Structure formats: structure tokens, C-alpha cells
Amino acid sequence: MLKVDNVTKYYGDFLAVKNLSFEVKEGEIFGLLGVNGAGKTTTFRMITGLLDKTEGTITLDEKPIDYNATDKIGFLTEERSLLTKLTVKEQALFYGQLKGMTKNQVETELDRLLERFHILEYKDRKIKELSKGNQQKVQFIMAILHSPKLLILDEPFSGLDPINVELFKDVILEYKNEGRMIIFSSHRMDHVEYFCEKLLILVKGETVLEGKLKNIKDEYKKKNIKIIGDVKKDELLKIDGVLKVEKAGIEYIVNIKEKNYVKNVFDYVKKQNNIEKFIVEEPTLNEIFIEKVGESYEK
Ligand code: ATP
């Protein structure tokens, strides 16, 4: 288990991360979210031992993260961190041996992963000659080459087409099912919803929301009603409990204060014509994120 306990980081006088605590268990994908500058990269660097904490403790399987423990961690950084003049194989040998693998282990594992990512033919090509998506595949392979127990993924899908996003999703789920720990960070809330049962949102280094996605959604009272039919936006807006109405294509999305107000909207809708759809939905993580982050900026 990874345990981050009351961790604080100052850069000089600047407080970048404040009293951060969370745990990631084997087989869990944990979402660490925040706007730009919230403190995510700082946190990842402290976990991977690249940066000293000011206060607090971080342990992996109950041991502080020292040089040896970093061999158990894989880190896919948001920015490219490949030696682009090297070939894929040279990069793997360099990186894998740094992580304590033998030459043979690197070669066997590299072939397996290149095949899994459908890029075996690029093994002896210089990285700078590869497309952006294929470079992202190589970067992902480097993060998992040494079979880490803890994998940190920062915007893993950047530069990928939809087919390759699906491939990456499959590999990430395989990793989870093998009982590894994964920290997942992305600005794409739909991807976070897809993977993460537990998450944490940072704003200016402070935790503004933490817990299981299901509980977070249950506690967030607002709901959306999706309607297709002959309804009018101004009439919907007059109904008690309706906060906002948007039209997306042919669909109206009616945002209500809480579940109890569904009836009011339903009473109006049933008197209208050509109603094809009336569905009550949970809020999206995107809506919750925008509201929570917005509230904490107002404080
Ligand atoms: P992004 O989503 O943009 O990558 P982030 O959540 O990863 O953002 P961090 O890179 O951790 O954010 O930065 C957190 C805060 O710490 C920012 O205000 C940043 O300017 C500041 N910061 C980061 N590194 C340093 C440093 N070496 N010295 C001083 N301040 C720093």
C-alpha cells in the first residue's frame, strides 16, 4: 500500500502542498486531480523520491521511499521525458538497467510490450522519428518496463487517437487487475470517472474533496434531467427547484437543486407534447469538479 501522510511542501516561502493525506491499495486506481498549478506534479515528485518533502511521511508497503523503493515505481510524466536521439531499444536498455534490470530482462520485456502496443517494428528506430502517439506508447512502455508495483500516470492519453486510447485503457485495467497500485491524473473527467473508484481534488495545494466517487456523487445533491420534446426553456426555468437549463442539440438538460424537485419538472413535462425522453441523471464528475474548484477560489 502507498500511504501519503500529512505531507507538506514549501518551495522557499511558497506553500505548494499542504497536509496532504491519502492511501492507494493494491488493485486500486486513485485519481489525483486539480487545476494547473494545484500541486500534482510536486506530489508525484515527492512520491517518486525526486523531491524532498518539507513535512510528513510517504511509505510504500510500510517502508519510507528510498532509492531501492523507487525501482518499484513507474512514472509516466505529462511532459515527454525520452532521449529522442536514441532508438527505442537503446532507450529501454538505458532506462531498464537504471531500474536494476539485466540486459536480457530488458530485451524480453521490451519485445513483449512493443508487441502489446503494436509497435514492434519501431524497436530500432530513433525515437525522434516516431509520431507523437507512438512516442507516447514508448513513454508508457518505459514507465512499466520494470514491472512497477506503483504506477503514476499523468495525462497518459495525451496525443493518442481514440483507438489507442482504448488500447491504453485496456493495459491500465490489466495492470489494476494484476493487483498493482495506480495513481491516475487527468484533466479529462470522463477518463477519471471511467477508472477511479477513489479520488482527491487539490486546489492551491489543499485538498478540497476526497473520497469514493460513488459517495461524492451521492452527497452532491444536484441532479440533471434530460428531456427531448416540445418544452420551453423559459417555462422550465420558472419551475421551483430548477437552477439552470441548457439545450444541447435536440436535448434539454435541466439542472435541479435536488431529487425532490424532479416531480415539479415532471408535472410540467407531462402536459407538453411529443415527449420522447425524460431521464434523471447523476451529476458528472466534471460538474462537481468545476463547482468544488470554483467554490474554493471564492473563499
Ligand atoms: P499542472 O497541472 O500545470 O502540471 P500541477 O498541479 O502539477 O500543475 P505543480 O507543478 O506541482 O502543479 O506546482 C504547484 C505550485 O508550485 C505552482 O504554483 C508552481 O508554480 C509551484 N512550483 C512548482 N515547482 C516549483 C519550484 N521548483 N520552485 C518554486 N515553485 C514551484
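The structure displayed is predicted, hence computed values, not measured ones. Nothing fancy with the numbering, it's 1 onward along the sequence. One-based numbering, in listed order, for ligands and for the atoms of each.
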Practice prompt. Please confirm whether Lys169 makes a cation-pi placement over Tyr194, using NZ or CZ under 6.0 Å from the six-membered ring centre and within 45° of the ring normal.
Written response: yes

Discussion item. Residues around ligand 1, heavy atom under 4.0 Å from any ligand atom, sorted by chain and number. Can you pull those?
Written reply: Tyr11, Phe14, Ala16, Val35, Asn36, Gly37, Ala38, Gly39, Lys40, Thr41, Thr42, Glu78, His187

Would you mind writing out the side-chain donor-acceptor pairs for residues 181-189 within the sub-3.5 Å range, not counting sequence neighbours?
| unit_1 | atom_1 | unit_2 | atom_2 | d |
| --- | --- | --- | --- | --- |
| Ser185 | OG | Leu32 | O | 2.9 |
| Ser186 | OG | Glu155 | OE1 | 3.2 |
| Ser186 | OG | Arg188 | N | 2.9 |
| Arg188 | NE | Asp190 | OD1 | 3.0 |
| Arg188 | NH2 | Asp190 | OD2 | 2.7 |

Item to complete: Spell out, as yes or no, whether a donor-acceptor pair under 3.5 Å connects the side chain of Lys247 to the backbone of Ile253.
Response: no

Item to complete: Please name all residues satisfying side-chain contact (heavy atoms from CB on, under 4.5 Å) with Thr284, sequence neighbours left out, ordered by chain then number.
Response: Glu193, Asn286, Glu287

Discussion item. My understanding is that only residues two or more places apart in sequence, or in another chain, count here; which of them pass side-chain contact (heavy atoms from CB on, under 4.5 Å) with Lys9?
Written reply: Tyr11, Val17, Thr42, Met46, Leu51, Thr54

Discussion item. Using only atom types and a distance under 3.5 Å, with no angle test, would you say the side chain of Lys257 pairs donor to acceptor with the backbone of Lys221?
Written reply: no

